[in-house]
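The basis for the numbers below is simple: all heavy atoms, side chains too, and nothing from hydrogens, waters or symmetry mates.
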Amino acid sequence: CFISGYTRGTYNTTKSLLKDLGFEHIFKLVETQIDALYNKKIGETPLEAIQRFREEHPKLLSEKISYAGRLDPMAEGMLLLLIGEENKKRQYYLNLDKEYVSEIVLGIETDSFDSLGLVSKISPIRQISISEIDGILKGFVGTREQEYPPYSSKTVNGKPLYWWARNNKLSEIQIPKRKISIHELQALSYREIEGIELKKEVIKKINLVNGDFRQKEILSAWEYFGKQNEKNIYQVIKIRALCSSGTYIRKLAFDFGRK
């Protein structure tokens, strides 16, 4: 499986969560000054989103602005921006729980575990029932160790994991793990899609990404996938996850598929 797209939080639910947890100082900033909960678009990196935020709020050009909780380029959703003195409380914000809504495509694996990756495996198409899906999802609820995705920024021996992956050196290291907690996990909806339409959806999103993410190679691979599998029908499951900070939803999708 791989994640075809996902969203983190919503403006209202994230504000409510911050207030309930007692972070009145950031809630006040959101309510009375400017939005520090900022919607990152599909294709943007968090740094690109911060640059867009600065352009929209020129009086903050001299302020230090960072974010608490990274979102991958293929994700959209709420970035919690830390402005000025709020950067001193960064660790508090990093530890906040996260809520994601994601679509998982069954029967296809990519090397990045999301659509911004090379297709590495296509499994025989097997229809899976909703009850079977629910049963598998329940098995992920709780506390466990999660291995970092190969294409992530986690540092090993002084280099990010994606460097080891791009240079075909993953066999030379041990991919680290971290403890995560999944509090809630549920299937929201189900749909089917032909391979040719899936290819179109993926390519449209990839074309929104700037920077060096292997786009040329990945686009070529998805074009080939579309030609070879245009009439095949794939299942797409939309899920909602409430989880601890540091949880990789694309790794969750990969592990779900292996079940």
Can you measure from CG (Leu242) to CG (Leu185) and round to the nearest 0.5 angstrom? 10.0 Å
Side-chain heavy-atom pair Gln235, Gln127 within 4.5 angstrom cut-off: yes
Between Asp255 and Arg144, does the side-chain contact (heavy atoms from CB on, under 4.5 Å) criterion hold? Intermediate values first, please. CA-CA 12 Å; Asp255 292 338; Arg144 59 196 294 249; 4.0 Å; yes
Would you check if Val141 and Glu184 make a side-chain contact, meaning some heavy-atom pair closer than 4.5 Å? no
Please tell me whether Arg52 and Tyr38 have a donor and an acceptor in their side chains that are separated by less than 3.5 angstrom. yes
May I have the step-by-step check of salt bridge (charged side-chain N to carboxylate O under 4.0 Å, His left out) for Arg240 and Glu99, ending in yes or no? CA-CA 7 Å; Arg240 171 188 168 272; Glu99 181 185 36; 2.8 Å; yes
Classify the angle between the aromatic ring planes of Tyr234 and Phe225 as parallel (below 30°), tilted (30 to 60°) or perpendicular (above 60°). tilted
With rounding to the nearest 0.5 angstrom, report the CG to CD1 distance, Leu71 to Ile42. 11.0 Å
If you measure from the Lys or Arg side-chain nitrogens to the Asp or Glu carboxylate oxygens, is any gap between Glu230 and Lys199 under 4.0 Å? no
Kindly indicate whether the side chain of Leu188, heavy atoms from C-beta on, has any atom under 4.5 Å from the side chain of Ile239. no
Neighbour count >12 (heavy atoms, 6.0 Å) for atom CD, Glu172: yes
I'd like to check Val119 versus Ile218 (side-chain heavy atoms, cut-off strictly below 4.5 Å). Are they in contact? no
For residues Trp164 and Lys159, report the shortest heavy-atom separation together with the two atoms involved. NE1-O, 3.4 Å
Verify side-chain contact (heavy atoms from CB on, under 4.5 Å) between Ser115 and Glu103, making sure each step is shown before the conclusion. CA-CA 11 Å; Ser115 51; Glu103 282 198 322; over 6 Å; no
Is it the case that atom OH in Tyr224 sees more than 12 heavy atoms from other parts of the structure closer than 6.0 Å? no
Working note: Tyr100 + Lys98, criterion side-chain contact (heavy atoms from CB on, under 4.5 Å); need CA distance, chi angles, decisive distance, verdict. CA-CA 7 Å; Tyr100 297 93; Lys98 309 294 194 301; 3.4 Å; yes
Please determine whether salt bridge (charged side-chain N to carboxylate O under 4.0 Å, His left out) holds for the pair Lys204 and Glu201, giving the CA-CA distance in whole Å, both sets of side-chain angles, and the decisive distance to 0.1 Å. CA-CA 5 Å; Lys204 182 178 179 180; Glu201 284 189 10; over 6 Å; no
Considering only heavy atoms from C-beta outward, does the side chain of Leu82 approach that of Ile65 to under 4.5 Å? no
When clusters are formed by joining ILVMFWY residues with side-chain heavy atoms under 4.5 Å apart, either directly or through shared neighbours, do Tyr151 and Leu47 land in the same one? no
Will you find, in the side chains of Tyr248 and Glu147, an N or O donor that is under 3.5 Å from an N or O acceptor? no
Answer with yes or no whether the hydrophobic clustering places Ile233 together with Ile237; edges join I, L, V, M, F, W, Y residues whose side-chain heavy atoms lie under 4.5 Å apart. no
Taking Ser220 for its side chain and Glu217 for its backbone only, find out whether a donor-acceptor pair lies under 3.5 Å. no
Cut-off 3.5 Å, side chains only: do Thr143 and Ser181 have a donor facing an acceptor? yes
Hey, is the main chain of Gly211 close enough, under 3.5 Å, to the side chain of Gln215 for a donor-acceptor pair? yes
Do side-chain atoms of Trp163 reach the backbone of Lys169 as a donor and acceptor pair under 3.5 angstrom? no
Hey, is Asp111 close enough to Arg214 for a salt bridge, meaning N to O under 4.0 Å? yes
I'd like to check Phe254 versus Ile249 (side-chain heavy atoms, cut-off strictly below 4.5 Å). Are they in contact? no
Regarding Arg90 and Tyr67, do their side chains bring together a donor and an acceptor under 3.5 Å, going by distance alone? no
Would you tell me whether Asn87 and Ser66 have side-chain atoms, one donor and one acceptor, within less than 3.5 Å of each other? yes
Has Thr155 got a side-chain atom pairing as donor or acceptor with Gly158's backbone, closer than 3.5 angstrom? no
Salt bridge (charged side-chain N to carboxylate O under 4.0 Å, His left out) assessment of Glu63 paired with Arg54: CA-CA 9 Å; Glu63 291 281 356; Arg54 287 186 182 278; over 6 Å; no
Do Ile175 and Leu118 sit in the same hydrophobic cluster, where Ile, Leu, Val, Met, Phe, Trp and Tyr count as joined when their side-chain heavy atoms come under 4.5 Å apart? no
Is Ile196 close to Lys231 at the side-chain level, that is, under 4.5 Å between some pair of heavy atoms? no
So which atom in Lys40 and which in Pro46 form the shortest heavy-atom distance, rounded to 0.1 Å? CD-N, 4.1 Å
Criterion side-chain contact (heavy atoms from CB on, under 4.5 Å) on Ile173 and Asn157, from CA distance to verdict: CA-CA 9 Å; Ile173 61 170; Asn157 297 340; 4.0 Å; yes
Examine distances only and state if a side-chain atom of Ser245 and a backbone atom of Leu94 form a donor-acceptor pair shorter than 3.5 Å. yes
Is it true that Tyr148 and Gln146 share a donor-acceptor pair across their side chains at a distance under 3.5 Å? no
If I compare all heavy atoms of Leu60 with all of Phe53, which pair ends up nearest, and what's the gap? CD1-CE2, 3.8 Å
Between Glu85 and Lys64, is the closest basic N to carboxylate O distance under 4.0 Å? no
Shortest non-hydrogen pair, Leu137 vs Ala187, comes out as CD1-N, 3.6 Å
Measure across Gly69 and Leu79 and return the closest heavy-atom pair with its distance rounded to 0.1 Å. O-CD2, 3.5 Å
In Å and rounded to the nearest 0.5 Å, what is the CG to CG distance from Asn229 to Leu198? 9.5 Å
Say you draw a straight line from CD of Gln186 to CD1 of Ile133; how long is it, rounded to the nearest 0.5 Å? 13.5 Å
Rounded to the nearest 0.5 Å, what separates atom OG in Ser244 from atom CD1 in Ile182? 7.5 Å
Check whether any side-chain heavy atom of Tyr162 lies under 4.5 Å from a side-chain heavy atom of Ser112, and answer yes or no. no
Supply the atom-to-atom distance Lys251 NZ to Lys177 NZ, rounded to the nearest 0.5 angstrom. 8.0 Å
Flag yes if Trp222 and Val209 sit in one hydrophobic cluster, no otherwise; membership is Ile, Leu, Val, Met, Phe, Trp, Tyr, and two members link when side-chain heavy atoms are under 4.5 Å apart. yes
Do Leu208 and Val202 belong together in a cluster built from hydrophobic side chains that touch within less than 4.5 Å? no
Is any side-chain N of the basic residue among Lys41 and Glu44 closer than 4.0 Å to the acidic one's carboxylate O? no
So which heavy atom on Asp212 is nearest to which on Arg166, and how close? O-NH2, 2.8 Å
